[in-house]
There are 2 protein chains.
Amino acid sequence: MQTLEDLFGKCPYATAQKILSGKWTLMIIHALVSEPLRFNELQRQLPDMTQTTLTRQLRALEDYGIVNRTVYAQIPPKVEYKLTDIGMDFKQVLMSLEHWGDKYIDYHNQRAPL
Amino acid sequence: MQTLEDLFGKCPYATAQKILSGKWTLMIIHALVSEPLRFNELQRQLPDMTQTTLTRQLRALEDYGIVNRTVYAQIPPKVEYKLTDIGMDFKQVLMSLEHWGDKYIDYHNQRAPL
DNA sequence: CGGTATCCTATCGGATACTG
DNA sequence: CAGTATCCGATAGGATACCG
């Protein structure tokens with residue numbers, strides 16, 4: 001049987017779905033769109049995510065070629081995360097997603113306000 | 001501690017992330033963008049997904065207000081799935097996602113052809 | 001035709017403790 | 001500062017069998 005993984009690298013939706021499957025992926029990419037950030041800067045922007053999970057998702061994004069990790073050889077350590085070119089291209093998706101998300105939120109708050 | 005769920009309905013990214021978290025969500029929405037489909041038409045377009053899973057993800061999308069389910073009282077049964085208005089609005093996201101996905105695939109096939 | 005009902009497994013994310 | 005090493009529980013998805 002063909003799986004989703006087999007479609008990775010072939011179908012743009014399956015590919016995107018797999019890359020974005022991490023629970024915090026969208027928010028990590030969003031945080032990095034405006035500027036490169038150090039590990040703890042990312043942590044501060046995503047306070048609800050544990051350190052372990054942040055590390056894991058960053059590694060995954062690195063493997064997918066979305067994020068670049070630069071280690072500066074100094075004490076104390078400094079590690080900087082920035083989007084790759086293709087990662088930066090994702091900004092367009094993020095913008096339409098934000099637009100839609102806001103509309104969705106408005107739409108639903110009208111009938112079931114929190 | 002605040003969780004992702006608390007951000008649902010507030011942050012557009014967290015909201016979108018949650019809605020799109022289903023493994024086949026993007027492909028289901030994509031299949032429904034062009035026209036409403038019956039259950040087994042969806043199955044045929046998504047042959048790699050089990051019936052159980054298709055049902056579950058459709059129910060989830062229905063709960064989120066993305067998909068509308070219409071049951072026609074006839075024998076044999078006919079059930080039609082179509083996108084709601086806000087579901088249709090997602091088409092813009094899908095288009096930018098497709099564009100990015102194709103670019104991503106091209107980009108990666110150049111250095112690591114399958 | 002369009003599902004349910006179960007069961008089972010893999011993976012993922014959270015919690016906690018420790019480290020160069 | 002930026003991790004790693006473990007362990008654990010939740011849950012999502014697949015497989016299979018059956019139903020109105």
Side-chain angles (χ1 to χ4, degrees), chain A residues 1-8 13-14 17-29 31-32 36-64 67-82, chain B residues 1-8 13-14 17-29 31-32 36-64 67-82:
Chain A
M1 178 185 166
Q2 188 171 232
T3 64
L4 230 208
E5 286 72 47
D6 297 326
L7 293 166
F8 185 88
Y13 302 112
Q17 179 92 63
K18 193 135 179 35
I19 293 175
L20 301 181
S21 70
K23 183 168 169 183
W24 302 90
T25 310
L26 284 178
M27 305 190 65
I28 292 175
I29 298 179
L32 292 176
L37 293 173
R38 299 176 61 168
F39 187 82
N40 64 359
E41 291 172 326
L42 271 169
Q43 268 197 103
R44 252 174 267 130
Q45 292 202 25
L46 274 31
D48 308 331
M49 185 179 192
T50 64
Q51 189 181 39
T52 315
T53 303
L54 178 54
T55 301
R56 269 189 303 232
Q57 308 232 356
L58 283 170
R59 291 289 181 278
L61 288 173
E62 213 188 331
D63 291 344
Y64 284 129
V67 160
N68 202 287
R69 177 172 179 263
T70 309
V71 182
Y72 295 88
Q74 60 183 55
I75 306 282
K78 170 178 171 179
V79 179
E80 195 175 66
Y81 293 91
K82 62 177 295 192
Chain B
M1 180 186 164
Q2 188 172 230
T3 64
L4 229 210
E5 286 73 45
D6 297 325
L7 293 166
F8 185 86
Y13 301 112
Q17 178 93 64
K18 194 136 180 30
I19 293 176
L20 301 181
S21 70
K23 183 169 169 180
W24 302 89
T25 311
L26 284 178
M27 305 191 65
I28 292 175
I29 299 180
L32 292 175
L37 293 173
R38 298 177 61 169
F39 187 83
N40 64 0
E41 292 173 324
L42 270 169
Q43 270 197 100
R44 251 173 269 130
Q45 292 202 26
L46 275 33
D48 308 331
M49 187 182 190
T50 64
Q51 190 181 37
T52 316
T53 303
L54 178 55
T55 301
R56 269 190 302 233
Q57 307 232 355
L58 283 170
R59 292 287 181 282
L61 288 173
E62 213 189 332
D63 291 343
Y64 284 129
V67 161
N68 203 285
R69 178 172 179 263
T70 310
V71 181
Y72 295 89
Q74 60 184 53
I75 307 283
K78 172 179 172 180
V79 178
E80 196 173 67
Y81 292 91
K82 63 176 296 192

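Just the heavy atoms: all of them, side chains too, but no hydrogens, waters or symmetry mates, feed the values below. Throughout, protein chains are lettered first and strands after them, A, B, ... in sequence-line order, and every chain is numbered starting at 1.
- When heavy atoms are screened at a 4.0 angstrom cut-off, A:Tyr72 is found touching no nucleic acid atom at all.
- Taken to the nearest 0.5 Å, the NZ atom of A:Lys18 stands 11.0 Å off from the OG1 atom of A:Thr25.
- In this structure, B:Tyr81 does not reach the C:dC1 phosphate: none of its side-chain N or O atoms is under 4.0 Å from OP1 or OP2.
- Contact of B:Arg59 with C:dG3 (side chain to base): no donor-acceptor pair of N or O atoms is detected under 3.5 Å.
- In this structure, A:Glu80 atom CD and D:dC1 atom C1' are separated by 14 Å, rounded to whole Å.
- Between C:dA15 and A:Thr50, no contact under 4.0 Å exists linking OP1 or OP2 to a side-chain N or O.
- Between the side chain of B:Arg69 and the base of C:dG2, no donor-acceptor pair of N or O atoms lies under 3.5 Å.
- Not a single donor-acceptor pair, N or O on each side, falls under 3.5 Å between the base of C:dG2 and the side chain of B:Arg38.
- Among the atoms of the strands shown, only primed sugar atoms or phosphate atoms (P, OP1, OP2) are found under 4.0 Å from some heavy atom of A:Pro76.
- If you take CG of B:Asn40 and C1' of C:dG2, they are 8 Å apart, rounded to a whole angstrom.
- Panel note: side chain A:Gln17, backbone B:Gly22; a donor-acceptor pair is recorded below 3.5 Å.
- Taking side-chain N and O atoms only, B:Lys23 has a distance below 4.0 Å to OP1 or OP2 of D:dG14.
- For C:dG2, the OP1/OP2 oxygens have no side-chain nitrogen or oxygen of B:Gln51 closer than 4.0 Å.
- Between the side chain of A:Thr55 and the base of D:dT4 there is no donor-acceptor pair of N/O atoms closer than 3.5 Å.
- In this structure, B:Gln45 contributes its side chain and B:Ala31 its backbone to no donor-acceptor pair below 3.5 Å.
- C:dG14 atom C1' lies 14 Å from atom CD of A:Gln43, rounded to whole Å.
- Here CG of A:Leu20 is found 8.5 Å from CG of A:Leu61. Values are rounded to the nearest 0.5 Å.
- Checked by distance alone, B:Ser21 brings no side-chain donor or acceptor within 3.5 Å of a matching partner on the base of D:dA12.
- At whole-Å resolution of the value, CE in B:Met27 and C1' in D:dG13 are 16 Å apart.
- Rounding to whole angstrom units, CD1 of residue B:Ile28 and P of D:dA12 are separated by 14 Å.
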